[in-house]
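On a predicted model such as this, the values are computed, not experimentally measured, just so you know.
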Amino acid sequence: MNLLETIDTPVGSYAPDFELPGIDDQVHHLRRYLEKFQAVGVISMCNHCPYVEWYIDRLKNIQTKFAPKGFTLIGMNGSDGNHGTRTSFENMKAFAQRQDLNFPYLWDSTQDVTRSFGATKTPMAFLIDSNGIVRYKGKIDDHPQDPLSVGEDYLRTAIASLFLGQEIDIPETEPIGTTLIWRN
């Protein structure tokens, strides 16, 4: 495993713009999403992380709940594609089909965007407002292994607060999940 310095985009600063290929064979631009949606949630994720598996249905539910209000999730895979075939672009397509993803899934093959965001784990959430400002970053909730557990739903609460024009009470949490593997 190669540890590499991340840029770490802080809450309150502009999210790094990106142009990344999606599993739909289209190029996705953050700027275009921000023109179309009131908020965008970028989730650092991959095909083989057990935490992503635990959260995938919750992420799809978040997309379903908030999409009508002008929100979209974007999955971003910045794991090292050379570290085995599970992270390959073709396997991303198979993963998305198997999981019936209802949001775009993008491939950051150079890891530049992942590093610019400051992602360190999968999954890790970044909530971006329509001005391109990171308003929340960290974990999705505090009960990864039990989706029915009552606890803090950090990402959902942050999205709801943003749409209500309220201050996000907890704008940053320490992510939990699988540590990203960086390319050499």
Side-chain angles (χ1 to χ4, degrees), residues 6-20 22 24 26 28-46 49 51-78 96 99-106 108 113-114 116-177:
T6 57
I7 295 171
D8 191 27
T9 302
V11 170
S13 67
Y14 285 101
D17 198 7
F18 58 74
E19 294 182 19
L20 293 173
D24 59 358
Q26 302 294 313
H28 296 255
H29 305 260
L30 178 60
R31 178 180 35 80
R32 290 189 187 148
Y33 279 102
L34 295 175
E35 291 169 359
K36 186 175 176 181
F37 294 97
Q38 291 185 33
V40 174
V42 174
I43 306 293
S44 173
M45 55 186 272
C46 66
C49 170
Y51 285 86
V52 170
E53 292 280 341
W54 292 333
Y55 276 113
I56 204 74
D57 287 333
R58 281 175 268 185
L59 292 171
K60 293 188 308 188
N61 289 338
I62 287 170
Q63 173 67 13
T64 299
K65 177 177 179 171
F66 291 105
K69 296 178 175 159
F71 173 82
T72 190
L73 276 178
I74 299 172
M76 182 176 63
N77 186 345
Q99 296 293 344
D100 195 25
L101 291 186
N102 60 352
F103 53 86
Y105 190 23
L106 313 183
D108 180 18
V113 177
T114 303
S116 294
F117 266 95
T120 57
K121 309 243 186 218
T122 58
M124 184 173 175
F126 299 87
L127 177 61
I128 305 162
D129 70 17
S130 60
N131 296 316
I133 304 294
V134 176
R135 301 289 302 277
Y136 171 80
K137 75 179 203 177
K139 58 184 139 193
I140 296 160
D141 61 36
D142 67 353
H143 44 96
Q145 294 175 327
D146 187 0
L148 301 177
S149 176
V150 175
E152 291 287 336
D153 290 328
Y154 300 109
L155 181 58
R156 267 183 198 270
T157 302
I159 296 166
S161 295
L162 185 64
F163 281 125
L164 291 171
Q166 298 173 346
E167 193 69 31
I168 296 171
D169 288 338
I170 303 173
E172 187 168 357
T173 58
E174 186 64 34
I176 54 171

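For the atom pair OG1 (Thr72) and CD1 (Ile62), the distance works out to 12.0 Å, reported to the nearest 0.5 Å. Note that CZ of Phe71 is 9.5 Å distant from CD1 of Ile128, once rounded to the nearest 0.5 Å. Taking OG1 of Thr122 as the reference point, atom CG of Asn77 lies at 8.5 Å (rounded to 0.5 Å). Expressed to the nearest 0.5 Å, how far CZ of Phe103 lies from OG1 of Thr64 amounts to 10.0 Å. To the nearest 0.5 angstrom, Ile43 atom CD1 is 5.0 Å from Ile140 atom CD1. The distance from the CE atom of Met45 to the CD1 atom of Ile74 is 12.0 Å, given to the nearest 0.5 Å.
For the side chain to side chain donor-acceptor pair (under 3.5 Å) condition, no pair includes a residue of residues 163-172, sequence neighbours left out. Sorted by first and then second residue, the side chain to side chain donor-acceptor pair (under 3.5 Å) pairs involving residues 145-156 (not counting sequence neighbours) are His143-Asp153.
Here the shortest heavy-atom pairing between Pro104 and Tyr33 reads CG-OH, 3.3 Å. Minimum interatomic distance between Leu30 and Ala15 (heavy atoms only, all atoms of both residues): CD2-CB, 4.1 Å. In plain terms, the two heavy atoms of Ser44 and Lys121 that are nearest each other are OG-O, 3.3 Å. The heavy-atom pair separating Lys139 from Glu174 by the smallest distance is CE-O, 3.4 Å. For the pair Ser116 and Thr9, the tightest heavy-atom approach, listed with the atom from each and the gap, is O-OG1, 2.5 Å. Scanning all heavy atoms of the two residues, the minimum distance from Leu106 to Gly22 falls at CD2-CA, 3.6 Å.
Residues Ile168 and Val11 have side chains not in contact (no heavy-atom distance under 4.5 Å, counting atoms from C-beta outward). Under the 4.5 Å side-chain criterion, counting only non-hydrogen atoms from C-beta, Val113 is in contact with Leu20.
Shown here is Phe163, whose CZ atom has more than 12 heavy atoms of other residues, nucleotides or ligands within 6.0 Å.
With hydrogens and angles disregarded, no donor-acceptor distance shorter than 3.5 Å links the side chain of Asp142 to the backbone of Gly151. No side-chain donor-acceptor contact under 3.5 Å links Gln38 to the backbone of Gly70.
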Next on the checklist: Under the criterion side chain to side chain contact (heavy atoms under 4.5 Å, CB included), I'd like the reasoning laid out for Ile159 against Tyr136: C-alpha separation, chi angles, the key distance, then a yes or no.
Outcome noted: CA-CA 9 Å; Ile159 296 166; Tyr136 171 80; over 6 Å; no
Next on the checklist: I'd like to know whether Ile56 forms a side chain to side chain contact (heavy atoms under 4.5 Å, CB included) with Leu101, so could you lay out the CA-CA distance, the side-chain angles of the two residues, the decisive distance to 0.1 Å, and finally the verdict.
Outcome noted: CA-CA 8 Å; Ile56 204 74; Leu101 291 186; 3.5 Å; yes
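For Lys36, there are no salt bridge (charged side-chain N to carboxylate O under 4.0 Å, His left out) partners at least two apart in sequence or on another chain. Scanning for side chain to side chain contact (heavy atoms under 4.5 Å, CB included) contacts around Asp129 gives Asn131, Ile133, Arg135, Leu162, with sequence neighbours left out. Shown here are the salt bridge (charged side-chain N to carboxylate O under 4.0 Å, His left out) partners of Asp141, two or more places apart in sequence or in another chain: Arg58. Every residue two or more places apart in sequence or in another chain that forms a side chain to side chain contact (heavy atoms under 4.5 Å, CB included) with Asp57 is listed here: Lys60.
Relative ring orientation between Phe117 and Phe18 is described as tilted, the plane-to-plane angle lying within the 30° to 60° band. In this pair, Trp54 and Tyr51 present their aromatic rings perpendicular. The plane angle is above 60°, beyond the 30 to 60° band.
Arg32 pairs in a side-chain hydrogen bond (donor to acceptor under 3.5 Å, both in side chains) with only one of the listed residues (His29, His28, Glu35), which is His29.
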